[in-house]
Amino acid sequence: MPSLELSLNDLNAPQREAVTHSGSPLLIIAGAGSGKTRVLTYRIAHLLEQRGVRPGEILAITFTNKAAAEMKQRVEGLLSSRAANAMWVMTFHSACVRILRREGGRLGYPSSFTIYDSADSKRLMQLVCKEMDLDPKRFPPKSFSAQVSNLKNELVDYDTFGENAQTEQEKKLAEAYTLYQRRLHEAGAMDFDDLIMLTVNLLEMFPDVAEYYRRRFRHVLVDEYQDTNHAQYRLVRLLVGGGRDADPDAFPPPELCVVGDADQSIYAFRGATIRNILEFEADYPEARTILLEQNYRSTQNILNAANAVIQRNPDRREKKLWSDQGIGPKITGYVADNEHDEAAFVVGEIDKLHDEGEFTPSQVAVFYRTNAQSRVFEDVFIRTGLPYKIVGGVRFYERREIRDILAYLRVLANPEDTVSLRRILNVPKRGIGDRAEESIELFAARERISFAQALRRAQDAPGIATRSLKAIREFTALLEELEELAPSSTPSEVIEAVLQRTGYLSELANSKDIQDESRVENLEEFVDVAREFENTFSGPLYGGEEEDGEAALGAEPAEGAGGTAGDADAAAESAETEGEAAEPAEPTLVDFLEQIALVADTDQIPDADDTGGVVTLMTLHSAKGLEFPVVFLTGMEDGVFPHMRTLGEKAELEEERRLAYVGITRARQRLYISRSAVRSAWGTPSYNPASRFLDEVPKDLVEWRRAESAIAPSRPKFAAQSRKPSSRPTREVPTLEVGDKVTHDSFGMGTVQLVDGVGDRTKARIDFGADIGEKDFLVKFAPIEKL
DNA sequence: ATATAATGCATTTTT
DNA sequence: TGCATTATAT
């Protein structure tokens with residue numbers, strides 16, 4: 001019998017403290033590889049076994065499904081009884097969906113609301129902008145969509161934003177936001193950001209709902225707290241009864257425990273606010289903070305490099321990772337002439353490591369800053385026959401054929417889902433063109449009815465062609481036919497019916513485009529995914545209503561009738577749920593769609609050993625949370641990493657540095673860092689200087705296998721000369737920084753205001769004083785000299 | 001209504 | 001440079 005007391009011994013002192021701390025909010029600052037998941041899972045196990053907490057009283061929030069699954073599994077492994085089912089261990093979004101399915105009616109949403117992913121919401125925004133007759137040049141729908149997303153993350157509703165709108169841009173955006181939100185609501189749909197924002201709204205508008213969840217979840221744990229955005233921050237506050245507005249007479253507040261590492265915050269561009277973790281102690285004055293600095297992953301050399309780099313970021317809580325894994329070998333550096341050469345070096349090293357029996361390819365990962373960089377590696381890997389797997393890129397559920405079928409399923413589950421309905425209107429081709437679609441849209445607007453309703457009354461639409469009308473009739477008949485069979489079928493049966501009866505499959509089968517062959521295969525896989533879902537389905541994600549009914553509200557939960565015996569704790573969850581767990585619940589289309597919307601590609605990121613001798617390639621962002629015995633950090637060039645677009649902004653450059661920190665700390669034993677002197681970007685070659693992050697790694701930690709390129713030895717102008725000899729006067733290209741004084745041949749003396757771009761494309765803005773003003777130059781060509 | 005040419009655009013992306 | 005989306009001719 002696994003005793004937790006005993007297992008507390010495999011924790012170090014601060015870890016143990018983090019596990020056993022009680023009575024006030026807790027912030028665990030967990031450096032990379034410091035056993036964060038271990039601490040979280042032990043803490044949960046400790047709550048259950050030592051502090052008498054019932055599983056149903058625990059809410060553990062993660063950002064990814066993978067993290068949630070892992071946590072759940074590891075908690076179960078620690079427990080003597082299998083009691084984890086009643087816990088909510090899930091992502092922010094899943095938890096919100098569960099709440100909203102239950103309570104969304106109060107906001108006017110059906111409990112079977114559709115979840116729009118970012119592609120759907122972009123599409124809807126496009127429709128909205130078209131409806132508003134906006135010039136897509138001046139008001140790009142894509143940008144509007146992104147801005148609305150940001151506003152929602154900041155919990156700014158359209159009214160508030162509209163009131164404060166000043167510029168024309170803002171006013172149009174406010175209008176689009178309003179209309180977009182109305183369209184979503186009419187379609188019974190929520191986008192990803194709504195899931196959080198609307199849950200916050202719900203808890204704020206209905207104190208009884210908030211209190212219900214506060215009574216129910218006595219323990220709230222949040223993983224990766226540095227990645228929370230404002231909305232998620234507010235959500236957590238509401239769940240634990242946000243400090244100041246808390247009612248002092250009320251029941252004691254739930255206990256909050258958050259885990260994170262500000263140095264690993266790499267998602268600010270998506271709204272994550274580092275301030276949430278930095279200000280935790282201010283937000284929760286009673287809070288206790290525990291620092292985990294012992295790293296169980298990497299050698300000391302690797303950690304020293306990581307520490308040195310991250311130390312360059314200002315205003316950081318000092319934290320020094322250390323390891324007892326030994327110093328380890330030095331980091332290997334390599335400067336390639338071009339990106340092919342760089343890839344060849346990587347392949348050569350992997351082969352060598354393999355031949356020497358040190359590491360297998362599956363223990364190796366290659367990281368890069370942008371997806372586009374994967375191409376060269378792919379080329380070279382294929383040519384050399386080294387098996388690889390790319391993580392990321394076009395995902396399964398983003399493929400056109402999958403999205404098409406998905407749209408059918410969504411319309412069947414929610415006929416008012418306009419975006420999906422319009423997607424499939426003419427897919428496969430059935431002669432309903434833009435003209436027909438527009439006249440239906442117009443008709444719907446005039447009659448103030450939904451698109452779906454207008455479609456069914458197409459004969460009343462003014463100016464519609466008879467030919468189109470006939471096609472629409474057939475289409476609605478087809479939908480009705482499918483609607484009829486859907487409720488009594490499993491998701492996989494519905495998919496097959498859609499594939500057959502719409503003629504989608506036969507269209508692909510008759511096509512001679514080779515791409516369509518793989519489309520058919522993908523659809524077959526999709527059916528398999530659905531079958532798999534049906535077989536592993538263990539009850540509705542959101543509960544067949546009231547898994548947590550009054551039991552959690554009332555004093556004592558009724559003992560679960562026939563539920564999980566020997567586990568009274570689970571009763572809170574299982575008591576009222578009809579036929580869950582014991583009798584397998586029938587998975588509905590809504591369940592299936594939710595799974596797909598929320599649980600993207602589960603097989604995206606490979607587990608440590610299931611890659612079967614395959615090298616893993618991915619962006620640095622995807623690498624977060626993973627570890628590999630051997631890591632190649634490639635493209636270490638200013639302009640690539642740090643990315644060009646970040647060079648001007650201090651905050652963004654700091655985020656790039658954190659990304660470098662994340663990359664370095666993924667490596668267990670061997671770390672390679674490489675750069676290329678020349679890299680072709682969009683056809684034209686560019687000469688990039690070494691990444692500043694390379695300079696930030698102490699010299700003695702790196703052994704350079706090749707320290708300089710034969711092509712562009714530190715001064716790009718040689719390379720430029722050889723290509724266009726006449727265009728370059730014999731003048732040094734100055735290295736400029738903001739504040740430098742320079743002279744220009746015709747404008748005279750000036751001060752550098754801004755430096756942007758990299759290598760040959762470095763631009764500088766120089767202020768020559770009141771008479772001349774500011775001018776922009778391409779440093780490479782401008783006749784300027786540094787003083 | 002659809003196949004083709006032309007244009008424009010190009011970090012990162014847990015959900 | 002290559003892709004994805006839009007304008008154009010049939």
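Predicted model only: the values in this text are computed from it and were never measured. So you know, we letter chains A, B, ... as the sequences are listed, proteins then strands, and number each from 1.
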Base of B:dT11 and ring of A:His643 stacked, centres under 5.5 Å, planes under 30°: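 According to the criterion (under 5.5 Å, under 30°), yes, A:His643 stacks.
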Would you check if A:Trp682 stacks with the base of B:dA10, given a 5.5 Å centroid limit and a 30° plane limit, both strict?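 A stacking contact exists, since A:Trp682 sits close and nearly parallel to the base ring of B:dA10.
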With no angle test and no hydrogens, is the base of B:dT15 tied to the side chain of A:Arg270 by a donor-acceptor pair under 3.5 Å?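 Side chain to base: pair found, below 3.5 Å.
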Counting only side-chain nitrogens and oxygens, does A:Arg400 get under 4.0 Å of the OP1 or OP2 atom of C:dT5?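 For C:dT5, OP1/OP2 do not have a side-chain N/O of A:Arg400 under 4.0 Å.
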Report yes if a side-chain nitrogen or oxygen of A:Ser622 is closer than 4.0 Å to either non-bridging phosphate oxygen (OP1 or OP2) of B:dT13; otherwise report no.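 So the side-chain polar atoms of A:Ser622 do come within 4.0 Å of the phosphate oxygens OP1 or OP2 of B:dT13, strictly under.
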Answer with base, sugar-phosphate or nothing: what part of the nucleic acid does [X] contact at a heavy-atom distance below 4.0 Å?
X	value
A:Thr62	nothing
A:Lys137	nothing
A:Arg467	nothing
A:Asp117	nothing

A:Lys429 side chain: which of B:dT14, B:dT2, B:dT11 is closest?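 Shortest atom-to-atom distance from the side chain points to B:dT2.
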Check the orientation of A:Phe628 and A:Phe367. Use parallel for under 30°, tilted for 30 to 60°, and perpendicular for over 60°.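 Aromatic pair A:Phe628/A:Phe367 classed perpendicular.
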Please state whether the rings of A:Tyr109 and A:Phe113 are parallel, tilted or perpendicular, taking 30° and 60° as the class boundaries.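 The arrangement is perpendicular - the two ring planes meet at more than 60°.
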Using the side chain to side chain donor-acceptor pair (under 3.5 Å) rule, pick out the option among A:Asp417, A:Asp193, A:Asp194 that qualifies with A:Tyr116.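 That would be A:Asp417; it is the only one of A:Asp417, A:Asp193, A:Asp194 passing the side chain to side chain donor-acceptor pair (under 3.5 Å) with A:Tyr116.
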Any strand counts, and the cut-off is 3.5 Å on both contacts for Watson-Crick or G-U wobble. Which nucleotide pairs with B:dT11?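 In the structure as shown, B:dT11 has no Watson-Crick or wobble partner.
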Shortest non-hydrogen contact between A:Thr502 and A:Pro428, atoms and distance: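 Taking A:Thr502 first and A:Pro428 second, the nearest heavy atoms are O-CG, 3.2 Å.
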Does B:dT4 adopt a syn or an anti glycosidic conformation, taking syn as a chi angle within 90° of 0?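 It is anti.
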